[in-house]
Asks: 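After the structure tokens below, expect a handful of questions from me.
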Amino acid sequence: MKRRELLIGSASLLLAGCDSPAPELTGGWVGGANAARGHRLRAPLPKAGEGPLRRTKILIIGGGVSGLACARGLSQAGITDFALLELEDASGGNSRAHQMGGMACPTGAHYLPLPGPHSQEVYQLLEELGLVSQQLGRAVWDERHLCHSPQERLFFEGSWHEGLLPPPQTPSAVAQQHLFERAVEAAQATLGFAMPSRRARWTPGHAALDAETFAAWLTRQGLHEPHLLWYLDYCCRDDYGAGIQDVSAWAGLHYFASRHGFHPANSNSEREAVLTWPQGNAFLTDAITAPLAEHIHPGRSVMRVEPGKHQVELLAWHEATQSPERWVADQIVFATPLFIANKLLDQTLAPLKAAAEQLRYAPWLVANLQLKAPLLQRTGAPPSWDNVLYASQGLGYVDAMHQSLKPQAGPTVLSAYWALPQARRAELLTQDWRHWLRQVLADLSPVHPDLADQLQRADLVRWGHAMSIPVPGLRSSAALSALLLPQGRLHFAHSDLAGYSVFEEAYTRGRQVASGLAAQLGV
Ligand SMILES: Cc1cc2nc3c(=O)[nH]c(=O)nc-3n(C[C@H](O)[C@H](O)[C@H](O)COP(=O)(O)OP(=O)(O)OC[C@H]3O[C@@H](n4cnc5c(N)ncnc54)[C@H](O)[C@@H]3O)c2cc1C
């Protein structure tokens with residue numbers, strides 16, 4: 001056989017379920033959460049030994065967006081005596097990047113909507129990074145960082161359509177879209193929603209929404225049109241890692257009333273602009289990390305936190321030297337997920353234990369697919385940054401080269417996203433990468449039959465506990481609210497405090513903790 005036939009043959013075998021993919025096809029697991037380091041917490045504690053005892057006033061555990069925001073806040077307040085310990089070899093958490101064939105691509109978070117009126121801290125960050133400036137009282141954005149047009153498209157009933165909302169096909173489908181639009185407007189007008197979410201007052205009306213699933217609420221509103229329901233489910237899976245049957249009605253409405261808006265196909269409202277970069281939100285975390293490098297200690301897996309009367313002792317594992325490291329601090333900031341914070345503490349903290357028991361985490365898979373050449377295209381809307389297939393298992397893919405200013409399409413990396421049910425976490429953590437690649441290819445190939453043939457390499461990322469799901473009751477949780485206040489010398493900054501995970505929540509919470517600490521220190 002000729003080489004091309006061989007390649008096609010082996011790619012088809014891969015799709016057909018053969019366990020040994022083509023020798024030309026390379027890939028594997030990359031980045032993501034280092035499960036081996038994370039699971040070190042379950043192992044017996046090492047003896048601390050006689051190594052040097054490091055002292056610092058404030059110790060931040062976790063270098064995701066929230067930990068980095070806290071570090072930036074401390075530094076900008078003029079506090080220099082602080083350190084940040086991060087388990088991975090690089091900071092960024094869920095907002096880190098990868099490289100394939102010289103092209104940057106995301107391993108997790110990949111966009112940020114333009115900040116609204118309640119996101120002052122995020123706006124200030126973007127202004128400090130030079131992404132936006134005030135001109136004649138208006139925010140003027142640097143266009144290089146705004147998602148280039150076309151932004152998104154949906155493969156629906158045999159062709160691509162602009163936008164992600166399936167085009168309504170009957171007058172009653174149009175009416176259903178407008179019914180939902182009015183419901184979102186009414187919820188915003190009567191209750192109020194904000195981003196970050198805790199900037200909206202919490203009322204009995206919010207609590208009632210938080211008590212039921214979004215699916216139940218939609219049914220009560222008389223919303224049943226299948227294409228609309230698919231879209232609402234897709235949006236929830238995309239931001240919350242779980243669909244309308246799992247998230248609360250508060251979360252479902254919050255998505256549309258605060259961060260994204262709802263844009264019926266035939267209305268005049270425009271889809272909001274988003275900021276995005278080939279490397280995803282690592283653009284932001286790298287920019288925050290750079291000036292703080294002397295304070296950031298990567299490759300330190302914190303194993304134990306022991307609060308005392310006058311100070312807090314901490315035991316970390318230094319991954320490079322495979323040895324324990326002891327730290328002492330006046331104040332500790334937990335910028336790790338709350339279930340990890342709960343495991344790290346040597347004593348029970350009632351609200352932390354209760355919150356950790358209430359939180360549910362969605363596992364996620366990100367498949368970065370390096371392509372030799374652009375894919376053949378079906379009819380309809382042209383290739384966009386975000387490309388979604390109606391009723392597919394995955395959440396579609398973003399094109400890392402979309403933001404490049406090259407006039408012609410060429411090799412690229414497509415990042416396909418899957419939010420998985422919690423029941424598939426074990427499968428995600430134990431199965432070979434080929435098992436998952438086969439599923440990703442099978443999901444996309446009906447629309448892109450040449451995908452397997454164009455695939456040069458596949459680097460997959462797995463997140464066992466990617467983000468907390470805003471299940472009914474979580475936002476009303478007294479335990480979660482209690483952790484907004486310092487617990488003695490312990491402070492909590494992670495996006496888990498919001499009950500769900502987006503950049504704005506993580507960044508704002510990290511800054512709030514830093515402001516509280518600065519006030520406590522009188523600076
Ligand atoms: C696949 C995926 C896609 C996403 N897409 C978007 C998006 O497009 N836009 C968006 O706004 N948000 C997105 N998100 C949400 C994202 O989680 C938030 O934007 C944000 O990055 C969360 O930051 P964080 O600091 O709260 O948490 P994390 O990123 O979870 O940070 C926690 C940090 O703590 C560290 N840590 C854990 N245990 C220890 C320990 N024992 N010792 C030391 N360090 C430890 C971790 O390594 C990690 O760096 C996405 C998330 C995922 C998983």
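One-based numbering, in listed order, for ligands and for the atoms of each. FYI, the numbering just counts along the sequence from 1.
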Asks: Which residue holds the protein heavy atom closest to atom 27 (O) of ligand 1, what is that atom called, and what is the gap in Å?
Replies: H494 NE2, 2.7 Å
Asks: With a cut-off of 4.0 Å, which atoms of ligand 1 are near a heavy atom of G108?
Replies: 1 (C), 2 (C), 3 (C), 4 (C)
Asks: Considering distance alone, does some N or O of S495 sit under 3.5 Å from an N or O of ligand 1?
Replies: yes
Asks: Can you tell me the protein heavy atom closest to atom 13 (C) of ligand 1 and the distance?
Replies: A109 CB, 3.3 Å
Asks: Check the orientation of F256 and F262. Use parallel for under 30°, tilted for 30 to 60°, and perpendicular for over 60°.
Replies: perpendicular
Asks: Taking only heavy atoms of A335 into account, list the atoms of ligand 1 that are under 4.0 Å away from them.
Replies: 32 (C), 33 (C), 34 (O)
Asks: Out of R96, R259, R509, M467, indicate the one that has the non-hydrogen atom closest to atom 51 (C) of ligand 1.
Replies: M467
Asks: Would you kindly specify which portion of L68 sits under 4.0 Å from ligand 1, judged on non-hydrogen atoms: side chain, backbone, both or neither?
Replies: neither
Asks: Using a 3.5 Å cut-off on N or O atoms only, is W364 in polar contact with ligand 1?
Replies: no
Asks: Using atom types as modelled and distance alone, determine if a side-chain donor or acceptor of R489 lies under 3.5 Å from a backbone N or O of D330.
Replies: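 Yes.
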Asks: Under a plain distance cut-off of 3.5 Å, with no hydrogens placed, do S197 and R475 share a side-chain donor-acceptor pair?
Replies: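 Note: R475 and S197 side chains meet the donor-acceptor criterion.
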Asks: When you compare the side chains of E504 and S119, does any donor N or O come within less than 3.5 Å of an acceptor on the partner?
Replies: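 Looking only at side-chain atoms, S119 and E504 do not form any donor-acceptor pair under 3.5 Å.
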Asks: For the CZ atom of F155 and the CG atom of L164, what is their distance to the nearest 0.5 Å?
Replies: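 Answer for the CZ-CG pair, F155 versus L164, is 14.5 Å.
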Asks: Output yes when the distance from some N or O of ligand 1 to some N or O of F503 is under 3.5 Å, and no in every other case.
Replies: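 Yes; at least one N/O pair falls below 3.5 Å.
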Asks: Between the side chains of E505 and Y500, is a donor N or O closer than 3.5 angstrom to an acceptor N or O?
Replies: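 A pair is found: one side chain offers a donor N or O, the other an acceptor, under 3.5 Å apart.
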Asks: Report yes if S66 has an N/O atom closer than 3.5 Å to an N/O atom of ligand 1; otherwise report no.
Replies: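 The answer is yes, given that S66 and ligand 1 share an N or O pair closer than 3.5 Å.
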Asks: Salt-bridged, R199 to E121, with N to O below 4.0 Å?
Replies: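 So R199 pairs with E121 through a salt bridge.
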Asks: Taking 4.0 angstrom as the limit and counting only heavy atoms of R300, give me the atoms of ligand 1 inside it, by number and element.
Replies: 42 (N), 43 (C)
Asks: Sort out for me which residue in S468, S501, S66 forms a side-chain hydrogen bond (donor to acceptor under 3.5 Å, both in side chains) with S495.
Replies: S501
Asks: With backbone taken as N, CA, C and O and side chain as the heavy atoms from C-beta onward, which portion of L112 lies under 4.0 Å from ligand 1: side chain, backbone, both, or neither?
Replies: neither
Asks: With backbone taken as N, CA, C and O and side chain as the heavy atoms from C-beta onward, which portion of A316 lies under 4.0 Å from ligand 1: side chain, backbone, both, or neither?
Replies: neither
Asks: Within the 4.0 Å heavy-atom shell around E88, which atoms of ligand 1 are there?
Replies: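 Near E88, the atoms of ligand 1 are 47 (O).
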Asks: Nearest 0.5 Å please: distance from the CG atom of L369 over to the CG atom of L460.
Replies: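 Taking CG in L369 and CG in L460, the distance rounds to 7.5 Å.
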Asks: Quickly, which of H206, H118, H260 forms a ring-ring contact (aromatic ring centres under 6.0 Å, His included) with F193? Name it, please.
Replies: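 Of the listed options, the one satisfying the test is H206.
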Asks: Would you check if there is a donor-acceptor pair between the side chains of Y361 and D496 at a distance under 3.5 Å?
Replies: yes
Asks: For Y507 and R511, test the side chains for any donor-to-acceptor distance below 3.5 angstrom and give the result as yes or no.
Replies: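 There is such a pair (donor and acceptor under 3.5 Å, judged by atom type) between the side chains of Y507 and R511.
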Asks: When you compare ligand 1 with S301, is there at least one nitrogen or oxygen pair between them that comes in under 3.5 angstrom?
Replies: no
Asks: Distance under 4.0 Å to a non-hydrogen atom of V502: what atoms of ligand 1 satisfy this?
Replies: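 Checking each atom against V502, I get 11 (O), 12 (N), 18 (C), 19 (O).
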Asks: Need the ligand 1 atom indices (1-based, order shown) with element for anything under 4.0 Å from a heavy-atom of V366.
Replies: 1 (C)
Asks: Short N/O distance, under 3.5 Å, between L87 and ligand 1?
Replies: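 Yes, L87 has an N/O under 3.5 Å of an N/O on ligand 1.
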Asks: Please state which protein non-hydrogen atom is closest to atom 34 (O) of ligand 1 and give its distance, to 0.1 Å?
Replies: G62 CA, 3.4 Å
Asks: Distance to 0.1 Å, residue and atom name: give those for the protein heavy atom nearest to atom 29 (O) of ligand 1.
Replies: N94 N, 2.8 Å
Asks: Look at the rings of W418 and W436 and say which category their plane angle falls in: under 30° parallel, 30 to 60° tilted, over 60° perpendicular.
Replies: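 Correct class here is perpendicular.
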Asks: Do Y397 and H448 have ring centres separated by under 6.0 Å?
Replies: yes
Asks: Suppose we measure from atom 22 (C) of ligand 1 to each protein heavy atom; which comes out shortest, and what is that distance?
Replies: S501 OG, 3.6 Å
Asks: Say whether E86, considering both its backbone and side-chain N or O atoms, lies within less than 3.5 Å of an N or O atom on ligand 1.
Replies: yes
Asks: Side chain, backbone, both or neither: which part of V65 comes within less than 4.0 Å of ligand 1 when only heavy atoms are counted?
Replies: both
Asks: Any side-chain donor-acceptor pair under 3.5 Å between Q76 and Q124?
Replies: no
Asks: Nearest protein heavy-atom contact for atom 31 (O) of ligand 1: which residue, which atom, what distance?
Replies: G64 CA, 3.5 Å
Asks: Under 3.5 Å, N or O to N or O, is Y417 touching ligand 1 that way?
Replies: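 Between Y417 and ligand 1 (N or O atoms, distance only) the closest approach is not under 3.5 Å.
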Asks: Run down the list L344, V398, I340 and name the one with the heavy atom closest to atom 38 (N) of ligand 1.
Replies: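 Of the listed residues, I340 has the closest heavy atom.
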Asks: Donor-acceptor check, side chain of N94 to backbone of G64, threshold 3.5 angstrom: yes or no?
Replies: no
Asks: Atoms of ligand 1 less than 4.0 Å from L85 heavy atoms?
Replies: 43 (C), 44 (N)
Asks: As a check for students: among A69, A466, C70, P337, identify the option with a heavy atom nearest to atom 53 (C) of ligand 1.
Replies: A466
Asks: State whether the number of non-hydrogen atoms from other residues, nucleotides or ligands found under 6.0 Å of E162 atom CD is greater than 12.
Replies: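 It does not: E162 CD has 12 such atoms or fewer within range.
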Asks: Counting neighbours of CZ on R144 that are heavy atoms of other residues, nucleotides or ligands and sit closer than 6.0 Å, is the number greater than 12?
Replies: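 Incorrect, the count does not exceed 12.
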Asks: Looking only at protein heavy atoms, which one is nearest to atom 8 (O) of ligand 1, and how far off is it?
Replies: H110 N, 2.9 Å
Asks: Of all the non-hydrogen atoms in the protein, which one sits nearest to atom 9 (N) of ligand 1, and at what distance?
Replies: Y111 O, 2.9 Å
Asks: So if I count the atoms of ligand 1 from 1 in the order they appear, which ones are less than 4.0 Å from some heavy atom of G93?
Replies: 29 (O), 48 (C), 49 (O)
